[in-house]
**Student:** 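Submitted below is the structure of interest, expressed as C-alpha cells.
Just so it is clear, the values below take in all heavy atoms, side chains as well, and ignore hydrogens, waters and symmetry mates. Residue numbers start at 1 and run along the sequence shown.
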Amino acid sequence: MKRHISLRCTVPFLGLLIYSSSAHAQDPAMITDRPDFTESPYTIPLGSVQIETGLSWERVSGADVTRLPEGLVRWSPILGLELRLGVPDWLEAPGGGQGFGDLGLGAKFELGRFGVWDAGVIAAATLPTGTEVVSSGGFEPQVAVTAGRDLGLMSSLGVQLSATAPVGEEAVGVMSTVVLGRALTESVSSFIELAIEKGSGETSASLVHAGITFALTPIMQFDIHAAAGISGSAPDALIGFGFSTRRDQR
C-alpha cells in the first residue's frame, strides 16, 4: 500500500538491477516495493513470503513526523498474484498526536508485457483500526497502475499512476510518479524519483526523492533514502532506512 506524499513515504523498482550472488545463485533476486513511491509491476515468487520494513523521519510544516515499522507483508498463493498486508505504523504526528495508524489490505496482479513495458495493478484499502488521533476514521480504497522497463546500461525506468478516495471528501486524490534506477555495482543500486500528488481539494504537492539499496544476498536488502519537497504541501525534508527479506517455498 502506497502512502500520500503529504504524510509518508515507503515500497524501489530497482529489483530489475539486483544481481544474484554465488552463495544464493538458486534464489531469484528480490524485488522490493520500497523505499520509493513507485511500486514494481512484479509479484514475488509463487509460495514466497516477503517482509519489508523501515523507519522514517520527516519535517512537515515545521513539525517532526516519525513512523515505524512501515511494515509490508507480501505472500503469493498463485503465480502472478500476491496478497499484501500493511502493518499499522506507530506515528508521532504534528501537534503531538501519537498512536498506531490504520491497517492496510491489498492485492497485486501482474498484467504482463506491453511492448517493452511490464505492467501491474494494485488494489488496496486502509481500514479504520488505528488510534483516533492518527486514524483516517474510515475505509479508504486505492488503486494503482504501475509499469517498468529495462533501459540497458544497467538502468531501468518505472512509472505509476494511483488514485485514492479519502474519507469524507468527494473528489479523488491522484498521484503520479516516475523513477529512474541504476545499478552501481552487483549489490548496490540507486534511484531518483519525482512524485506529484493532486489532493482531493485544492492542495497539491511535488517531491524529489533519491536513495540507495544494498543487496546482502538476493533475498536480503538494506536501503537508505531521502527526499525534499519542491512545491505545495509536500514534506520539507524526509530521511528513512529500511530492511527487506524473503522466505521462499522449498
**Student:** Would you find a donor on one side and an acceptor on the other, under 3.5 Å apart, between the side chain of T131 and the backbone of V133?
**Tutor:**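 No; zero donor-acceptor contacts below 3.5 Å.
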**Student:** Please report the shortest heavy-atom distance between V60 and V65, naming the atom on each side.
**Tutor:**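 Heavy atoms only, the tightest pair is CG2-CG2, 4.0 Å.
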**Student:** Taking all non-hydrogen atoms of both residues into account, name the closest pair between A107 and L83 and its distance.
**Tutor:**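 Answer, listing the atom of A107 first, then L83: CB-CD2, 4.2 Å.
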**Student:** Is a side-chain N or O of T66 found less than 3.5 angstrom from the main chain of W57, in a donor-acceptor match?
**Tutor:**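 Pair absent, no side-chain N/O of T66 close to backbone of W57.
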**Student:** Who are the ring pair (Phe, Tyr, Trp, His ring centres under 6.0 Å) partners of F139, not counting sequence neighbours?
**Tutor:**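 Residues passing ring pair (Phe, Tyr, Trp, His ring centres under 6.0 Å) with F139: none at all.
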**Student:** Would you check, one step at a time, whether the test side chain to side chain contact (heavy atoms under 4.5 Å, CB included) holds for L151 with L180?
**Tutor:** CA-CA 9 Å; L151 297 177; L180 177 65; 3.6 Å; yes
**Student:** Taking all non-hydrogen atoms of both residues into account, name the closest pair between D102 and G137 and its distance.
**Tutor:**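 So the minimum-distance heavy-atom pair works out to OD2-N, 4.4 Å.
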**Student:** Starting at CZ of F214, measure out to CG of L184 and round the result to the nearest 0.5 Å.
**Tutor:**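 It is 9.0 Å, given to the nearest 0.5 Å.
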**Student:** How many angstroms lie between atom CG of D248 and atom OG of S48, to the nearest 0.5 angstrom?
**Tutor:**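 Taking CG in D248 and OG in S48, the distance rounds to 3.5 Å.
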**Student:** Could you check whether any side-chain heavy atom of E140 comes within less than 4.5 Å of a side-chain heavy atom of P166, counting everything from C-beta outward?
**Tutor:**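 Yes. Closest side-chain heavy atoms under 4.5 Å.
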**Student:** Knowing that exactly one of T53, D89, V87 qualifies, which makes a side-chain contact (heavy atoms from CB on, under 4.5 Å) with E70?
**Tutor:**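 Among the candidates, only D89 passes.
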**Student:** Salt bridge check, R149 against D118: does any charged N sit closer than 4.0 Å to a carboxylate O?
**Tutor:**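 Looking at D118 and R149, the cut-off is not met.
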**Student:** Any link between L46 and I31 through a network of hydrophobic side chains (Ile, Leu, Val, Met, Phe, Trp, Tyr) touching at under 4.5 Å?
**Tutor:**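 Cluster IDs for L46 and I31 differ.
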**Student:** Is a side-chain donor or acceptor of E82 paired with a backbone partner of R74 at a separation under 3.5 angstrom?
**Tutor:**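 No, the answer is negative, given that no donor and acceptor are paired below the 3.5 Å cut-off.
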**Student:** Checking the side chain of E193 only, and the main-chain atoms of F37 only, is there a donor and an acceptor separated by less than 3.5 Å?
**Tutor:**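 Looks like yes, one N/O pair under 3.5 Å.
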**Student:** Check step by step if side chain to side chain contact (heavy atoms under 4.5 Å, CB included) holds for R67 and E58.
**Tutor:** CA-CA 9 Å; R67 67 184 67 246; E58 59 189 273; 4.1 Å; yes
**Student:** Once you round to the nearest 0.5 Å, how far does CD1 of I44 lie from NZ of K108?
**Tutor:**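 NZ of K108 is found 9.0 Å from CD1 of I44.
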**Student:** Is it true that the side chains of E52 and Q50 contain a donor and an acceptor less than 3.5 Å apart?
**Tutor:**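 Yes, because at least one side-chain N or O of E52 sits under 3.5 Å from a partner of the opposite role on Q50.
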**Student:** Would you give the length of the straight line joining atom NE2 of H209 to atom CG of L238, rounded to the nearest 0.5 angstrom?
**Tutor:**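 Reported to 0.5 Å precision, the distance equals 6.0 Å.
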**Student:** Let me see the working for R84 and E39 under side chain to side chain contact (heavy atoms under 4.5 Å, CB included), right down to the final yes or no.
**Tutor:** CA-CA 13 Å; R84 300 158 66 89; E39 311 278 9; 3.6 Å; yes
**Student:** How long is the span from the NE2 atom in H225 to the CD1 atom in I212, to the nearest 0.5 Å?
**Tutor:**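 Reported value, rounded in 0.5 Å steps: 12.0 Å.
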**Student:** Where is the tightest heavy-atom contact between P88 and G101, given as atom of each residue plus distance?
**Tutor:**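 For P88 versus G101, the nearest heavy atoms are CB-O, 3.3 Å.
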**Student:** Would V159 and W117 count as a side chain to side chain contact (heavy atoms under 4.5 Å, CB included) if you check the C-alpha gap in whole Å, the side-chain angles of each, and the deciding distance to 0.1 Å?
**Tutor:** CA-CA 10 Å; V159 294; W117 294 88; 4.0 Å; yes
**Student:** Give the cluster check for V178 versus V208: same hydrophobic cluster or not, with ILVMFWY residues linked at side-chain heavy-atom distances below 4.5 Å.
**Tutor:**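 Yes.
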**Student:** List the atom of A234, the atom of A205, and the distance in Å for their closest heavy-atom pair.
**Tutor:**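 Taking A234 first and A205 second, the nearest heavy atoms are N-CB, 3.4 Å.
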**Student:** Are V167 and F100 connected into the same hydrophobic cluster when the rule is that any two of I, L, V, M, F, W, Y join if their side-chain heavy atoms are below 4.5 Å apart?
**Tutor:**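 No, F100 and V167 fall in different hydrophobic clusters.
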**Student:** Any side-chain donor-acceptor pair under 3.5 Å between S155 and R182?
**Tutor:**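 Yes, side-chain donor-acceptor contact under 3.5 Å.
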**Student:** CD1 of I51 to CG of L72: how many Å apart, nearest 0.5 Å?
**Tutor:**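 These two atoms lie 10.0 Å from each other.
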**Student:** Under a 3.5 Å distance rule, please check whether T129 uses its side chain to pair with a backbone N or O of L103 as donor and acceptor.
**Tutor:**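 Yes.
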**Student:** Will you find, in the side chains of T213 and D223, an N or O donor that is under 3.5 Å from an N or O acceptor?
**Tutor:**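 No.
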**Student:** Group every Ile, Leu, Val, Met, Phe, Trp and Tyr by side-chain heavy-atom contacts under 4.5 Å, then state whether V121 and F114 land in the same group.
**Tutor:**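 They do share one cluster, since a chain of ILVMFWY contacts under 4.5 Å joins V121 to F114.
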**Student:** Hydrophobic clustering (ILVMFWY, side-chain heavy atoms < 4.5 Å, transitive) - are I122 and L111 grouped together?
**Tutor:**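 Per the 4.5 Å side-chain linkage, L111 and I122 are not co-clustered.
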**Student:** Hey, does L194 have a side-chain heavy atom less than 4.5 Å from the side chain of I230?
**Tutor:**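 Counting from C-beta outward, I230 and L194 do come under 4.5 Å.
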**Student:** Quick one: sort the F243 and F222 rings into parallel, tilted or perpendicular, breaks at 30° and 60°.
**Tutor:**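 Judged by the thresholds at 30° and 60°, the geometry between F243 and F222 is tilted.
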**Student:** Which heavy atom of A29 sits nearest a heavy atom of R246, and at what distance?
**Tutor:**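 Scanning both residues, the minimum pair turns out to be O-NH1, 3.6 Å.
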